[in-house]
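Heads up: the structure comes next, in structure tokens.
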2 protein chains.
Amino acid sequence: MSKEASKSDASIRASSPNLDVYRQLFDSILEQRLAPNTKLNEQDLAQVFGVSRTLVRQALQRLGAEQVVVMHKNRGAFVAAPDAVLAQQILDARELIEMAVINLACGKLSLQSVNNLQMMIELEQEALDQGDTGTALRRSGEFHLRLAEAAGNQSYVHILRGLISQTSLIIAMYGQGGGNNCARDEHFELLQALQNGQHEKSQNLMLHHLGHVRTGCDFKRRVNSGSLANLLAG
Amino acid sequence: MSKEASKSDASIRASSPNLDVYRQLFDSILEQRLAPNTKLNEQDLAQVFGVSRTLVRQALQRLGAEQVVVMHKNRGAFVAAPDAVLAQQILDARELIEMAVINLACGKLSLQSVNNLQMMIELEQEALDQGDTGTALRRSGEFHLRLAEAAGNQSYVHILRGLISQTSLIIAMYGQGGGNNCARDEHFELLQALQNGQHEKSQNLMLHHLGHVRTGCDFKRRVNSGSLANLLAG
DNA sequence: AAAAACAATATTGTATACAATCTTATAGAA
DNA sequence: TTCTATAAGATTGTATACAATATTGTTTTT
């Protein structure tokens, strides 16, 4: 019915149709418009986004590779729903990588990198101020990603990209809101410590920061699985 | 019913058209039938494998996600050719993950896991004896993967899977042959140390083992890019 | 009434057809 | 000759059509 409307929405940044479908799906998952365990019917999604199943499938496969959705042969794709155990394992992995990034970056950031990162912090704050938590979450992730880039190991960047996606999903599933307000100051402090070459302090700040993700989650919480209908509201 | 059951049992390995294309492409790259930088023409591959471009594209996208091939928008897919710098970064990342696996697994392997791993070693040795270095390389990778599974962090497993793919590509590009013969004994020794809970020894063995990958490579070597025609020989 | 078997439907998997883009070869002008 | 413009061909991007499989609902049997 509102096929036309959703299509024009999509073409606001219509640079690359396939990437667009991927990103919209991704965002929809992170912002809980698509709840964990939701079945992702290809045809329905195709109509919602105004594209063919081909592009939907591409996006789903990519999300599958990132483990943001799980795919069952001949049965389709579902929004991933990592249990508490897996969530902790993912956060462990992220901690491992982020600490390695810290060790590479501490005291070695170029001025350009610092400025770049500073800008990312501003953008994240901006989203937070506007109450756009979805965007804020994505920008926070981008800060960490840019930091890894600045650290200079491309492999870490690639790995971290996946882990951040999954972390975002975990926060979406188990997060309780409140805990993320301090994120901005933490990013800022971390950047300072890195710039000053304060190795141990940088490590502790990163650990503390990632620890907030854990403490900000209630792993007992049971998330109800929604339906595709929620997507139309967005 | 029983037919279905046996089929799903078998699907752990392969034998789904799309997975098959992926695996064949992957193996072809690792065994240098498809040299680095080779352009992967979709139509040609489709004809070689006797499937439609659809399946070829799926496989290419998956390989792209694993960074075994690189994709250029509107220009197609090419076999990845990590330069020396990136190769070192990838090996650094792998070292990081493998060491984390060691720390989890040391002294905590179930008897079943140990037996499982022992079997993997045998299989790898078998391939080596037959001079099938491609298979041996893959089995070696599978050993490391199973070890990560036994260690109990699924996220490490997923990350390591990608890193092993890339490591294999690096070995295929820069490897000089000789260095990998000791791999079997090293896997065996490592397993023993892990089983006995010898923490430091396990760490050192793993570091030594991965170090062999580096020393077994000549990063000055320049690899000539081949063409798809080589595939027909396999 | 409950369970099993079957038919009807819906959904995913794969192949083909069409559109958009890039590459290459050719022709013309400086 | 060399450079540019352009047109023809080849290749990738996307949509649609068809095949295989799973799901659902009905009927039949116990």
Side-chain angles (χ1 to χ4, degrees), chain A residues 3-4 6-11 13-25 34 37-65 69-80 225 227-229 231, chain B residues 1-25 34 37-65 69-80 225 227-229 231:
Chain A
K3 171 185 166 190
E4 290 306 322
S6 66
K7 180 163 189 174
S8 63
D9 268 357
S11 56
R13 53 181 171 199
S15 56
S16 184
N18 62 6
L19 260 194
D20 223 45
V21 173
Y22 162 79
R23 185 163 287 280
Q24 287 197 59
L25 261 176
L34 290 173
N37 283 318
T38 304
K39 169 99 197 279
L40 298 173
N41 182 293
E42 296 178 358
Q43 179 136 312
D44 292 351
L45 288 172
Q47 272 199 257
V48 168
F49 291 130
V51 297
S52 71
R53 269 181 60 214
T54 305
L55 295 187
V56 172
R57 277 177 76 83
Q58 279 185 19
L60 289 177
Q61 286 192 255
R62 181 167 169 188
L63 290 166
V69 312
V70 294
M71 313 204 56
H72 297 287
K73 187 177 170 66
N74 284 324
R75 295 198 39 210
F78 300 78
V79 178
S225 70
S227 84
L228 267 186
L231 241 192
Chain B
M1 284 298 230
S2 61
K3 174 190 169 189
E4 290 305 321
S6 65
K7 181 164 190 175
S8 65
D9 270 356
S11 69
I12 291 171
R13 280 195 295 178
S15 276
S16 182
N18 61 9
L19 261 193
D20 225 41
V21 172
Y22 162 80
R23 184 163 285 280
Q24 286 197 65
L25 261 175
L34 290 173
N37 282 318
T38 304
K39 169 102 201 276
L40 298 174
N41 181 294
E42 295 177 358
Q43 179 132 315
D44 292 351
L45 288 173
Q47 271 198 261
V48 167
F49 292 129
V51 298
S52 71
R53 271 181 58 214
T54 306
L55 295 188
V56 172
R57 278 178 74 84
Q58 280 185 19
L60 289 177
Q61 287 192 255
R62 181 166 167 188
L63 289 165
V69 312
V70 293
M71 315 204 56
H72 297 288
K73 186 178 170 70
N74 284 324
R75 294 199 39 213
F78 301 78
V79 177
S225 68
S227 84
L228 267 187
L231 241 192

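In what follows, every chain begins at residue 1, and chains take the letters A, B, ... in the order their sequences are listed.
Scanning for side-chain contact (heavy atoms from CB on, under 4.5 Å) contacts around B/Asn74 gives an empty result, with sequence neighbours left out. Considering only residues two or more places apart in sequence or on other chains, B/Arg53 meets the side-chain contact (heavy atoms from CB on, under 4.5 Å) condition with B/Glu42, B/Gln43, B/Ala46, B/Arg57. Annotation: side-chain contact (heavy atoms from CB on, under 4.5 Å) contacts of A/Gln61 (sequence neighbours excluded): A/Met71, B/Gln58. Applying the side-chain contact (heavy atoms from CB on, under 4.5 Å) rule to A/Ala80 yields the partners A/Val70, A/Pro82, A/Leu169; only residues at least two apart in sequence or on another chain are considered.
A residue-by-residue look at B/His72 and A/Asn74 shows that B/His72 has its nearest nucleotide of DNA chain D further toward the 5' end. When each of B/Ala77 and A/Arg53 is assigned the nucleotide of DNA chain D with its nearest heavy atom, B/Ala77 is the one assigned upstream, toward the 5' end.
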For nucleotides 6-10 of chain D, print each protein N/O atom paired with a nucleotide N/O atom at under 3.5 Å, atom names and distance only.
none

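Separating the CG atom in B/Leu19 from the CZ atom in B/Arg62 is a distance of 5.5 Å, to the nearest 0.5 Å. The CZ atom of B/Phe49 sits 9.0 Å away from the CG atom of B/Asp20 when rounded to the nearest 0.5 Å. If you take CG on A/Leu40 and CG on A/Leu63, they are separated by 8.5 Å, rounding to the nearest 0.5 Å.
Minimum heavy-atom separation, B/Leu25 to B/Leu34: CD2-CD1, 3.7 Å.
Between the CG atom of A/Asn18 and the P atom of D/dT12 there is a distance of 15 Å, rounded to whole Å. B/Gln61 places its CD atom 13 Å from the P atom of D/dT12, with the value rounded to the nearest Å.
Along DNA chain C, the stretch of nucleotides lying under 4.0 Å from any heavy atom of chain B spans, 5' to 3', C/dT14 to C/dT23.
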